[in-house]
There are 2 protein chains.
Amino acid sequence: MTTQERPRAPLSKERVLAAAVALADAGGVEALSMRKLAHTLGVVPMALYKHVRNKDELLDGVVDAVVGEIDPPDGGAGWKDIVRRRVLSARQVLLRHPWASRVIEERTRARPDPTPAVMTYMDSMIGIFRAGGFSIDLTHHAMHVMGSRLLGFSQELFEDSGPAQPAEPPPPEFAERFPHIAELVMGISHDAGTVVGPGCDDQFEFEFALDLVLDGLDRLRRQAGRVASSSSSST
Amino acid sequence: MTTQERPRAPLSKERVLAAAVALADAGGVEALSMRKLAHTLGVVPMALYKHVRNKDELLDGVVDAVVGEIDPPDGGAGWKDIVRRRVLSARQVLLRHPWASRVIEERTRARPDPTPAVMTYMDSMIGIFRAGGFSIDLTHHAMHVMGSRLLGFSQELFEDSGPAQPAEPPPPEFAERFPHIAELVMGISHDAGTVVGPGCDDQFEFEFALDLVLDGLDRLRRQAGRVASSSSSST
DNA sequence: ACCTGAACACCGTTCAAGT
DNA sequence: ACCTGAACACCGTTCAAGT
């Protein structure tokens with residue numbers, strides 16, 4: 001027998017990247033090594049270097065694969081709605097790939113420019129602000145203010161409780177060391193009307209922050225329009 | 001001769017952490033390996049494990065050493081000014097240790113709770129909001145909105161140009177692929193009155209975003225005060 | 001010309017052997 | 001009892017040897 005009809009499909013950069021994303025989805029970013037990826041594909045590690053110059057280029061490709069999953073802007077009423085919907089769709093993508101925000105940050109920092117798909121995404125977002133009546137200067141500030149939130153994530157250094165019990169009171173020595181945190185945790189647990197599982201609704205908090213920032217930008221845009229903007233450029 | 005009077009000072013956790021911070025300052029976070037750190041201290045790698053359980057605990061200690069450098073809140077006029085000054089002082093610390101924000105994020109994500117010094121810092125910040133008249137709910141939202149900006153950093157995915165020339169026009173194929181980015185880059189270069197070196201004043205952008213967020217929070221605080229805030233989600 | 005196993009220079013950490 | 005060298009199980013990548 002031994003038909004031996006191509007025991008493995010021929011490798012391609014797409015196949016390599018797709019396998020890399022799947023590997024990270026399954027085991028986190030620390031599971032994404034050249035050696036493990038090669039093993040997954042039934043291939044010797046060196047074979048990967050035919051499709052990817054090195055690991056950095058692999059990670060760049062992975063970033064673009066993930067960012068490429070974000071929906072294009074769909075029709076919305078006004079710039080704010082369009083930005084809002086697209087950011088929330090980006091957030092959905094990153095919830096599917098929880099490891100990706102770290103890699104995006106890492107690779108963006110390591111390169112002179114962001115990765116091509118990130119550049120395309122940013123370009124599109126800038127276009128939405130411009131079409132919405134933002135001056136070049138204000139658009140520039142807006143991009144900085146939004147930061148990584150544009151791509152649907154923000155580093156929350158304040159991940160209260162995680163999957164904790166609704167009203168687990170902190171131990172007394174905790175309340176003594178961190179009285180204000182303790183008060184906050186208790187206060188949040190008490191009104192757990194909408195939130196059942198974890199002590200804190202991440203989606204709500206993300207949208208809260210997003211809306212606060214978008215409203216702030218809208219206010220500046222309207223001010224600039226009314227005052228006819230006497231600043232350095234943008235007249 | 002061979003006086004042999006203690007060829008090296010006795011190791012202590014403080015000395016290990018200080019050396020680790022210095023090593024990262026000198027060579028970036030990728031230079032901070034247990035082996036290199038031991039070498040720096042004139043010690044065999046295993047000797048470090050007497051003062052630190054493993055590398056994660058080393059990184060936790062390093063995070064706390066850096067966060068411990070942030071000035072305590074000094075007198076300011078009102079909560080907004082106090083928060084603002086402290087955040088900007090945190091930013092100064094992180095400019096001294098450019099690798100630290102990555103490590104803070106990483107370790108915060110990896111642990112159930114933030115590191116002790118980060119907890120103390122957060123507790124103090126919460127206290128400032130509360131003293132400033134923020135309800136528990138609004139303080140909670142404020143902490144999420146501020147996110148890592150509280151510690152003086154924010155991931156800018158839009159690091160335009162870096163140390164580039166003031167008015168280097170992008171190549172034509174760039175302008176074709178990313179027309180809006182090209183327009184932005186050109187627009188910013190043109191009004192380079194205040195900024196000389198890089199194409200973009202990071203300190204200005206950071207303060208711009210910080211003020212936008214603080215103003216937004218202030219508006220919500222005043223609204224809540226006026227409406228007398230009806231329970232869980234502030235009608 | 002192509003492919004790939006062994007090797008190199010690293011990692012963090014374990015563990016047993018030496019004092 | 002203490003300390004530490006060698007070893008283990010990884011890593012990304014080079015390189016020379018085999019086909």
Side-chain angles (χ1 to χ4, degrees), chain A residues 2 4-13 15-17 19-63 65 99 102-103 105-107 109-111 115, chain B residues 2 4-13 15-17 19-63 65 99 102-103 105-107 109-111 115:
Chain A
T2 66
Q4 203 240 5
E5 34 145 15
R6 266 195 266 112
R8 55 200 198 219
L11 237 47
S12 69
K13 185 157 184 180
R15 242 168 62 78
V16 169
L17 294 181
V21 170
L23 194 58
D25 284 344
V29 75
E30 73 275 8
L32 181 48
S33 75
M34 296 297 273
R35 292 168 117 107
K36 283 181 192 151
L37 178 57
H39 183 76
T40 297
L41 290 161
V43 147
V44 81
M46 268 301 296
L48 299 176
Y49 288 78
K50 195 105 281 174
H51 303 92
V52 143
R53 191 184 310 273
N54 50 32
K55 188 170 185 189
D56 284 345
E57 198 180 291
L58 175 81
L59 292 176
D60 288 344
V62 158
V63 165
W99 48 270
R102 272 215 315 137
V103 180
E105 270 182 76
E106 205 175 286
R107 292 310 303 155
R109 239 185 287 240
R111 296 164 49 100
T115 257
Chain B
T2 66
Q4 203 241 5
E5 33 145 15
R6 267 195 267 113
R8 55 201 198 217
L11 237 45
S12 69
K13 187 158 185 181
R15 242 167 63 78
V16 169
L17 295 182
V21 170
L23 194 57
D25 285 344
V29 75
E30 74 274 8
L32 181 48
S33 75
M34 296 298 273
R35 291 167 118 107
K36 283 179 192 152
L37 177 57
H39 183 77
T40 296
L41 289 161
V43 146
V44 81
M46 268 300 297
L48 299 176
Y49 287 78
K50 196 105 279 175
H51 303 92
V52 144
R53 191 185 310 274
N54 50 32
K55 189 172 184 188
D56 284 345
E57 197 180 293
L58 175 80
L59 292 176
D60 289 344
V62 159
V63 165
W99 47 271
R102 274 217 312 137
V103 180
E105 271 182 75
E106 204 176 285
R107 291 311 303 154
R109 240 185 286 238
R111 297 164 48 101
T115 256

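To the nearest angstrom, P of D:dT14 lies 10 Å from CE of A:Met34. We find that CD of B:Glu30 is positioned 15 Å from C1' of D:dC11, with the value rounded to whole Å. Regarding B:Leu48, its CG atom lies at a distance of 10 Å from the P atom of C:dG12, rounded to whole Å. Here D:dG12 presents its P atom at 18 Å from NE2 of A:His51, a figure rounded to the nearest Å. One atom, CZ of B:Arg53, and another, P of C:dT14, lie 11 Å apart when rounded to the nearest Å. Per the geometry, OH belonging to A:Tyr49 stands 13 Å off P belonging to D:dC15, to the nearest Å. The CZ atom of A:Arg35 sits 11 Å away from the P atom of D:dT13 (whole-angstrom rounding). Rounding to whole angstrom units, CG of residue A:Asp56 and C1' of D:dC11 are separated by 14 Å.
Across the P atoms, C:dA7 and D:dC8 are found 16 Å apart, a figure rounded to whole Å.
Pair assignment for C:dC2 gives D:dG18, based on Watson-Crick or G-U wobble hydrogen-bonding distances that are each under 3.5 Å. With a cut-off of 3.5 Å on both Watson-Crick or G-U wobble distances, the partner of C:dT13 is given as D:dA7.
OP1 and OP2 of C:dT13 both lie 4.0 Å or more from every side-chain N or O belonging to B:Lys55. Residue A:Lys36 places none of its side-chain N or O atoms closer than 4.0 Å to OP1 or OP2 of D:dC10.
At a threshold of 4.0 angstrom between heavy atoms, the contacts of B:Met46 include nucleobase atoms, whether or not backbone atoms are also involved.
A 4.5 Å side-chain heavy-atom check between A:Trp99 and A:Val21 finds at least one atom pair inside the cut-off.
One distance of note links CG of A:Leu48 with CD of A:Glu57; it measures 12.0 Å at 0.5 Å rounding.
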Legend entry - CA sep, side-chain torsions, deciding dist, call: B:Leu32, B:Val103, side chain to side chain contact (heavy atoms under 4.5 Å, CB included): CA-CA 11 Å; B:Leu32 181 48; B:Val103 180; over 6 Å; no
Inset, instruction - Take A:Asp60 and A:Arg111 through the test side chain to side chain contact (heavy atoms under 4.5 Å, CB included) and record every step on the way to the result. - result: CA-CA 9 Å; A:Asp60 288 344; A:Arg111 296 164 49 100; 2.9 Å; yes
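The side chain to side chain donor-acceptor pair (under 3.5 Å) test applied to B:Arg102 returns no partner, not counting sequence neighbours.
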